[in-house]
Colleague: 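I am attaching a structure below and will ask some questions about it afterwards.
Here is the naming used below: chain letters follow the sequence lines, and residue numbers restart at 1 for every chain.
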Protein chains: 2
Amino acid sequence: MNLKELSKNLGLSQTTVSRALNGYPEVSPATRQRVEAAAKTFNYRPSTRAKGLATGQALAIGHVIPMSSKHEMVNPIFGDFIAGAGETYFRHGYEMILSIVDDGDEKQIYEGLKARRAVDGVIVHGPRMNDPRIGLLNDLGLPFAVHGRASGYGHPYAWLDVNNRSAFERATDFLFDLGHTRIALINGLEEMDFAHRRREGYASSLAAHDIAVDASLMRSGEMTEVYGYECTREMLEKGNAPTAILCSSLISALGVRRAIEEKGLVMGKDVSVVTHDDALSYLQNGGDVPIFTATRSSVRDAGRKLAEMLLASIADPLSPPKQELLEAELMVGSSTGPAPRKD
Amino acid sequence: MNLKELSKNLGLSQTTVSRALNGYPEVSPATRQRVEAAAKTFNYRPSTRAKGLATGQALAIGHVIPMSSKHEMVNPIFGDFIAGAGETYFRHGYEMILSIVDDGDEKQIYEGLKARRAVDGVIVHGPRMNDPRIGLLNDLGLPFAVHGRASGYGHPYAWLDVNNRSAFERATDFLFDLGHTRIALINGLEEMDFAHRRREGYASSLAAHDIAVDASLMRSGEMTEVYGYECTREMLEKGNAPTAILCSSLISALGVRRAIEEKGLVMGKDVSVVTHDDALSYLQNGGDVPIFTATRSSVRDAGRKLAEMLLASIADPLSPPKQELLEAELMVGSSTGPAPRKD
DNA sequence: TCATCTTTCCAAAGCGCTTTGGATTTGACT
DNA sequence: AGTCAAATCCAAAGCGCTTTGGAAAGATGA
């Protein structure tokens with residue numbers, strides 16, 4: 001059923017039917033009701049493509065997910081973020097279109113999306129330090145919003161980020177308060193902006209407590225369970241092992257715990273662990289009492305909010321880009337405790 | 001830059017330019033080259049919407065992800081599956097449209113996608129027993145392919161599935177071979193088709209070994225780490241605890257291991273564990289030697305293949321629906337060993 | 001040289017919608 | 001009854017592409 005058929009069926013012009021359906025005032029209430037009823041019974045919905053052509057809008061937002069072909073790793077937070085954003089799009093009648101793209105092809109993809117007028121805007125995932133995508137999108141004039149930030153880009157742009165720096169500073173402070181001084185950091189890949197900021201927060205706390213940064217206590221890599229395990233095992237085997245570990249992801253925290261327990265140590269007693277927790281739906285940090293002490297911030301919520309921000313900026317293109325910094329909450333669980341006393 | 005401008009620029013008609021770009025034969029090689037060069041320099045790409053309107057194709061595939069609003073759980077395999085499918089779409093010039101939908105709204109969403117002619121076909125995720133979506137999509141006449149199967153639907157339809165039954169039967173057999181007889185099953189939600197099939201495979205092996213199914217050794221729920229942990233803890237605390245556990249997901253297997261080790265037992269010695277492993281990129285089953293003995297099947301690969309299947313069926317609408325059953329491979333890791341001798 | 005194919009290109013219609021600019025009807029008010 | 005504005009509705013243009021049905025030009029064979 002298309003507009004023409006529907007209007008013929010109603011004995012009205014396409015104009016009137018279109019206006020009735022889109023809430024324009026030039027239609028009598030009676031007619032509008034009649035039209036709406038007919039639309040419902042015939043299950044009429046305007047063709048996305050025709051509507052888009054006529055209005056010049058795509059009513060779609062693009063999500064371009066970078067994937068380094070090297071490790072083929074899909075970011076585990078991706079699903080929950082998308083779920084949050086999807087909620088927002090659904091409410092606003094937008095569609096979400098997804099491109100999973102090899103690192104190298106990204107430029108081409110953004111240009112394609114723009115040239116083909118396939119989307120009204122895009123969300124940028126996984127920003128890196130000095131990420132070239134921000135500049136590219138600005139040049140293209142394609143509205144966008146970034147999940148995270150990209151240090152090193154001079155001009156303002158729309159983003160939403162967790163305050164990674166303060167979260168990790170606070171977490172490190174917390175460990176100091178418990179008496180720990182040898183605190184390790186198992187972080188995400190250095191080139192990722194969030195990892196950079198977390199390290200800064202960590203280093204800042206160390207500095208405030210007059211403890212020098214010890215390179216042997218800092219790791220960075222892709223945050224898998226195995227990675228957490230291996231880093232921890234190595235650190236615990238060497239002399240002068242850390243008494244506390246800061247970890248960038250709950251998944252690798254599971255590996256950290258495994259390494260600790262494998263060595264016959266007790267987490268929260270012999271070794272304390274604090275992790276960041278994205279509150280993923282399939283990876284909850286325990287039940288009532290959190291297993292891990294964690295800096296927590298829901299990535300799904302971030303998805304909802306960032307989508308909202310992008311849609312708002314599309315609706316009002318002249319407004320300056322917005323930013324939003326979410327504070328992670330520190331949840332104390334059973335993975336932390338006072339530093340063991342020296343023998 | 002649009003077609004009109006481009007063709008004016010070249011001194012050709014829109015027809016000729018369109019034909020040159022779309023590989024029609026009625027264009028001289030010289031002209032074609034000239035057109036292609038111009039398209040490249042002006043970065044011309046036909047508008048998706050206009051092209052779609054003209055051709056009647058959407059060049060897009062819909063993925064409708066169900067999410068029960070009750071637990072708000074996003075399936076963790078989703079990201080990797082999408083990544084695989086996305087690869088295929090990219091190769092074929094298709095777009096992927098994602099809708100994350102509350103269980104109840106699904107019908108409405110499919111009808112909307114169809115009525116608005118927004119997609120050429122859809123992938124059905126997470127089929128349940130007697131899943132009503134299959135019938136609905138058949139009635140709508142919207143091409144589709146299912147990731148998994150939906151027992152109870154009479155007519156043929158396109159699907160791709162892992163042979164869950166044989167995988168779990170084989171895994172159970174394997175445990176019997178090691179001397180285990182008290183084998184527990186920690187499974188996904190019973191209403192999910194895959195969980196049903198896995199239980200069948202498990203039960204079939206028990207029957208073949210003249211062991212009665214013991215309801216106290218079977219659990220089903222959402223496959224989180226915590227769920228694996230709690231099920232295992234309960235089972236190990238009761239008398240007559242299982243000596244082996246079959247688990248439906250690597251994530252909950254991590255919880256299983258935690259419960260085992262917390263009790264001071266050794267996995268692979270006191271309690272053997274076999275899990276299904278979807279080969280998720282962010283959750284690898286150890287390095288060279290798998291940690292868990294597992295029935296393994298790459299869900300990303302499934303995404304690639306199923307997308308290919310759907311595109312083929314769209315290209316050739318009259319062909320009968322295809323099916324593909326993937327066999328999981330049994331990878332022996334260090335989580336299994338001979339059954340402990342009775343004291 | 002002429003008729004007949006090929007080759008190469010084009011004008012215009014059409015895809016399904018929105019929207020502009022008018023036309024018609026209705027109603028209120030002198 | 002006559003006037004004017006408000007309320008309703010409509011025909012047609014246009015969004016950017018593909019595709020149909022020719023037309024013009026060039027090549028071929030008699």
Side-chain angles (χ1 to χ4, degrees), chain A residues 1-36 38-39 42-60 93-95 112-120 315, chain B residues 1-36 38-39 42-60 93-95 112-120 315:
Chain A
M1 170 72 54
N2 60 21
L3 225 212
K4 199 196 223 159
E5 290 164 20
L6 182 63
S7 48
K8 190 168 297 171
N9 205 295
L10 281 159
L12 292 169
S13 74
Q14 297 193 29
T15 309
T16 304
V17 175
S18 170
R19 285 185 162 155
L21 257 21
N22 289 314
Y24 284 80
E26 306 95 327
V27 181
S28 72
T31 307
R32 171 159 302 154
Q33 251 183 1
R34 210 159 62 88
V35 171
E36 279 170 351
F42 293 121
N43 195 28
Y44 167 77
R45 308 284 220 90
S47 147
T48 323
R49 298 194 289 284
K51 184 168 192 161
L53 230 207
T55 61
Q57 292 211 298
L59 287 184
Y94 270 69
E95 227 114 64
L113 288 175
K114 168 76 179 181
R116 293 175 312 159
R117 281 137 290 178
V119 299
D120 296 324
Chain B
M1 171 70 54
N2 59 24
L3 224 212
K4 202 202 246 169
E5 290 163 20
L6 181 64
S7 48
K8 190 168 299 173
N9 204 295
L10 281 160
L12 292 170
S13 75
Q14 297 192 30
T15 309
T16 305
V17 176
S18 169
R19 285 185 162 153
L21 258 19
N22 290 312
Y24 284 80
E26 305 96 327
V27 181
S28 73
T31 307
R32 170 159 300 155
Q33 251 181 0
R34 210 159 61 88
V35 171
E36 278 169 350
F42 293 120
N43 195 28
Y44 167 77
R45 309 283 220 92
S47 148
T48 324
R49 299 194 289 285
K51 184 165 190 163
L53 232 207
T55 59
Q57 292 211 301
L59 288 183
Y94 270 71
E95 228 113 64
L113 287 175
K114 167 75 180 182
R116 292 176 312 159
R117 282 136 288 178
V119 299
D120 296 325

Colleague: Let me test you: for the helix from dT1(C)-dA30(D) to dT30(C)-dA1(D), what is the angle between the axes at its two ends (five pairs each), rounded to 10 degrees?
Modeller: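 For the helix from dT1(C)-dA30(D) to dT30(C)-dA1(D), the axes at opposite ends meet at about 50°.
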Colleague: Earliest and latest nucleotide of DNA chain C, 5' to 3', sitting under 4.0 Å from a non-hydrogen atom of chain B?
Modeller: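 Going 5' to 3' along DNA chain C, contacts run dT8(C) to dC17(C).
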Colleague: What closest approach, in Å, do Ala20(A) and Val27(A) show between heavy atoms, and which atom pair accounts for it?
Modeller: N-CG2, 3.8 Å
Colleague: Nearest-Å distance, CD (Gln33(A)) to P (dT8(D))?
Modeller: 13 Å
Colleague: I want to check one thing: is the phosphate of dT8(D), taken as OP1 and OP2, less than 4.0 Å away from some side-chain N or O of Thr31(A)?
Modeller: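 For dT8(D), neither OP1 nor OP2 has a side-chain N or O of Thr31(A) closer than 4.0 Å.
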Colleague: Going by atom types alone, do Thr15(A) and Ser18(A) pair a side-chain donor with an acceptor below 3.5 Å?
Modeller: no
Colleague: Using heavy atoms and a sub-4.0 Å distance, could you list which residues of residues 45-60 of chain B are near DNA chain C? By number, please.
Modeller: Leu53(B), Ala54(B)
Colleague: Please check if atom CD in Gln33(A) has more than 12 non-hydrogen atoms from other residues, nucleotides or ligands closer than 6.0 Å.
Modeller: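 It does not: Gln33(A) CD has 12 such atoms or fewer within range.
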Colleague: Can you check side chain to side chain contact (heavy atoms under 4.5 Å, CB included) on Val17(A) and Tyr44(A), steps first, answer last?
Modeller: CA-CA 11 Å; Val17(A) 175; Tyr44(A) 167 77; 5.7 Å; no
Colleague: For the residue pair Ala58(A) and Arg49(B), what are the closest heavy atoms and their distance?
Modeller: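 For Ala58(A) versus Arg49(B), the nearest heavy atoms are CB-NH1, 3.4 Å.
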Colleague: What residues in residues 10-21 of chain A put a non-hydrogen atom under 4.0 Å from any atom of DNA chain C?
Modeller: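 Output list: Gln14(A), Thr15(A), Ser18(A), Arg19(A).
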Colleague: Considering residues, nucleotides and ligands other than Glu5(B), do more than 12 of their heavy atoms fall under 6.0 Å from its CD?
Modeller: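 It does: Glu5(B) CD has more than 12 such atoms within range.
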Colleague: How many angstroms lie between atom CG of Leu10(B) and atom OG1 of Thr31(B), to the nearest 0.5 angstrom?
Modeller: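 With rounding to 0.5 Å, CG (Leu10(B)) is 9.5 Å from OG1 (Thr31(B)).
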Colleague: N/O contacts under 3.5 Å, protein versus nucleotides 5-7 of chain D?
Modeller:
none

Colleague: At their closest point, which heavy atom of Gln14(A) faces which heavy atom of Ser7(A), and how far apart are they?
Modeller: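 That would be CG-OG, 3.5 Å.
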Colleague: Which residues satisfy the side chain to side chain donor-acceptor pair (under 3.5 Å) test with Arg116(A), sequence neighbours excluded?
Modeller: Glu95(B)
Colleague: For Glu26(A) and for Asn2(A), locate the closest nucleotide of DNA chain C by heavy-atom distance; then report the residue assigned to the nucleotide nearer the 5' terminus.
Modeller: Asn2(A)
